[in-house]
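One structure below.
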Amino acid sequence: MEEKERFVTEITPKSEDFSRWYTDVVRRAELADYTTVKGCMVIRPYGYATWEKVQECLDRRIKETGHQNAYFPMFIPESLLKKEAEHVEGFAPQVAWVTQGGDEQLEERLAIRPTSEAIICSMYSKWVRSWRDLPILINQWVNIVRWEKETRPFLRTREFLWQEGHTVHATEKEAEEETLKILEVYRDFIENDLAIPLIAGLKTESEKFAGALKTYAVEALMTDGKALQAGTSHHLGQHFAKAFDIKFEDKDQKMKYAWQTSWGVTTRLVGAIIMTHGDDSGLILPPKVAPIHVIIIPIPAAGWQKKVLPLVKEVERRLKGIELRVQADLREVYSPGWKFSEWEMRGVPLRLEIGMKEVAEKRAVAVRRDTGAKMLISLVDLEKEIPLLLAEIQNSLFKKAKKFLQDNTHTVDDYDKFKEIIKTKGGFIYSFWCGDPQCEQKIKEETTATIRALPLKPDHVPGGCVKCGRPSAQRVYFAKAY
RNA sequence: CGGGGCGUGGCGCAGUCUGGUAGCGCACCUGCUUUGGGAGCAGGGGGUCGGAGGUUCAAAUCCUCUCGCCCCGACCA
């Protein structure tokens, strides 16, 4: 953006310092604020309203696919957490413990859930007796605690909000289908509602969830060239069923261990929205999850209360009438210019300006947050034009992000070039990998890039591993990750 | 957990090297004039300088210890 066009000056430009830009946006848009406990942020009303929209969009899809919401306790007895060996090993370093209640020392310490497999499986073991009890399709929206060493608002906090689905099935095939179905739910939701394009794929052994058979994930690319895991769906196999004794008598009258899945997305998605769409003026919210679709700014002049105000109210009423989220900023102590900047920082998709001129000409000035484009909208067309504009903004945000993802996905066969790209512009690198965890590890050490995903639909063109040259059946996606 | 940076009114900072009892911008309060890209003028309120100890006639400033936060890496959503 040209300097003369840069109206918002309270946010560090992206190009100058991306990390600082990010935290500036979080604070200036009043999404969240820091507290005295490291890694524990307050999600402020505007940030929480955005999260609520995200929740609404996903919750609807989760329910449409046959799942029900429930609530399980946040305290998990140590003995339960320890039942699945790989699981406890993976989470042990991040668990916060309750050892005392009031003055009383607890007999057994309680983990504050870092994820709920243990507590939920302990209940499933009681509830599952017959094939008739299956499948169990449960989801919960809760808070989670993981004692992270390094924290960043929304991206990595010690306490965060998420949804976690936990399902039980009679067969491996059903569990696998569920895992992939949810992956598709996430993809559809994140691409269509959050306008964030994704790469979906399978995780390598080293990147998969502790205790899972396999982990699928959707990965997004932030505008600083780093990948962000946006959602995960795990096929747990029978690992937890065996550890927690979840057995059922099948139609063939044999006792069998159940097959399970778990899957989740977190408040990190808010961070993904910020880093995918935001610009030097602050946040840009996709209309589908924006708490406010349209902000109306009256332009005061002598006698505006009599002439301008009634029109502002009328426009507000009419747009609310077609289910749009509209707000008129009637504060008289702030100038219109001040308000423009304020609502730009907060990422409201569309602004309407209404002054004496608009009253006279029976129209409104509309300004798109994503492009800054100004246009005149005839008042008679309001109910038709505004929804079209919002849909266009939603669409355009996705297209722009999609182009960025494509432009920054590099097919690379040369290891030096691999290193060069990771060091400079970042992005996804699509290269051959032999499948050896040692090569994966070496690449990570030497380049800081990790394998983000093995493609779901391999292109089956063989080649040589970018690191060791050994034969490889398939390219995979590498990137530096959050 | 390693490396770097920073703690001074609500926010951003200066003052620290060279000790002398705290200042600037924004924000806030009052009034008037204003309002089409963060309005102007006038007046005003607010900080024992992250914390503890020490040196000194005197400490934001020097010394010791400590706590916290931010950024970059290793581990994780």
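We name chains A, B, ... by the order of the sequence lines, and we start the count at 1 in each one.
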Take atom CG of A:L352 and atom P of B:G36, then tell me their distance rounded to the nearest Å. 18 Å
Test item: A:T215 side-chain N/O and A:K203 main-chain N/O as donor-acceptor pair under 3.5 Å: no
For the P atoms, the ones on B:G10 and on B:G51, what distance do you get once it is rounded to whole angstrom? 13 Å
Please determine, for the side chain of A:R27, which listed nucleotide (B:G37, B:C76, B:C11) has the closest atom? B:C11
Test side chain to side chain contact (heavy atoms under 4.5 Å, CB included) applied to A:K467 - qualifying residues, sequence neighbours left out: A:Y415, A:C439, A:K442, A:I443, A:E446, A:C465
If you draw the axis of the six-membered ring of A:Y482, does the NZ or CZ of A:R156 fall within 45° of it and under 6.0 Å from the ring centre? no
Sort out the partner of B:G2 for me: Watson-Crick or G-U wobble, both distances under 3.5 Å, none otherwise. B:C72
Interatomic distance where CZ belongs to A:R156 and P belongs to B:C69 [whole Å]: 16 Å
Which whole-number value in Å describes the distance from A:D280 CG to B:G38 P? 18 Å
Quickly work out the A:R158 CZ to B:C75 C1' distance and round it to whole Å. 13 Å
In this structure, how many angstroms lie between the P atom of B:G36 and the OH atom of A:Y334, rounded? 16 Å
Contact residues, residues 440-456 of chain A to RNA chain B [heavy atom, < 4.0 Å]: A:K444, A:T448
Strictly by modelled atom types, are A:E148 and A:T157 linked by a side-chain donor-acceptor pair under 3.5 Å? no
Do A:R452's NZ or CZ and the ring of A:F428 fall within the cation-pi criteria of under 6.0 Å and 45°? no
Expressed in whole Å, how much space separates the P atoms belonging to B:U16 and B:G23? 15 Å
Please determine if a side-chain N or O atom of A:R351 lies less than 4.0 Å away from the OP1 or OP2 oxygen of B:G37. no
Phosphate OP1/OP2 of B:U35: any A:K339 side-chain N/O under 4.0 Å: no
With rounding to the closest Å, how many angstrom separate the P atoms on B:G31 and B:A60? 38 Å
When we call it a touch if two heavy atoms are under 4.0 Å apart, what does A:S19 touch: a base, just sugar-phosphate, or nothing? sugar-phosphate
Start at the 5' end of RNA chain B and walk down; is the nucleotide closest to A:E344 or to A:H234 reached first? A:E344
With the threshold set at 4.0 Å, does a side-chain nitrogen-carboxylate oxygen contact exist between A:E420 and A:K423? no
Checking A:K444, A:E445, A:Q438 against A:Q441 for side-chain hydrogen bond (donor to acceptor under 3.5 Å, both in side chains), the one that qualifies is A:E445
Which listed nucleotide (B:C76, B:G37, B:C71) is nearest to the side chain of A:F340? B:G37
If you measure from the P atom in B:G15 to the same atom in B:C62, how many Å do you get, rounded? 12 Å
Could you tell me how far apart A:K149 (NZ) and B:G68 (C1') are, to the nearest whole angstrom? 19 Å
Go ahead and name the base partner of B:G53; Watson-Crick or wobble counts if both distances stay under 3.5 Å, otherwise write none. B:C63
Tell me whether the side-chain N or O atoms of A:E150 pair up with the base of B:G2 as donor and acceptor below 3.5 Å, since no angle test is needed here. no
If pairing means Watson-Crick or G-U wobble with both distances under 3.5 Å, then the partner of B:A42 is B:U30
Heavy-atom count around A:K357 NZ within 6.0 Å, excluding the residue itself: above 12? no
Closest of B:G12, B:U35, B:G73 to the A:K226 side chain is B:G73
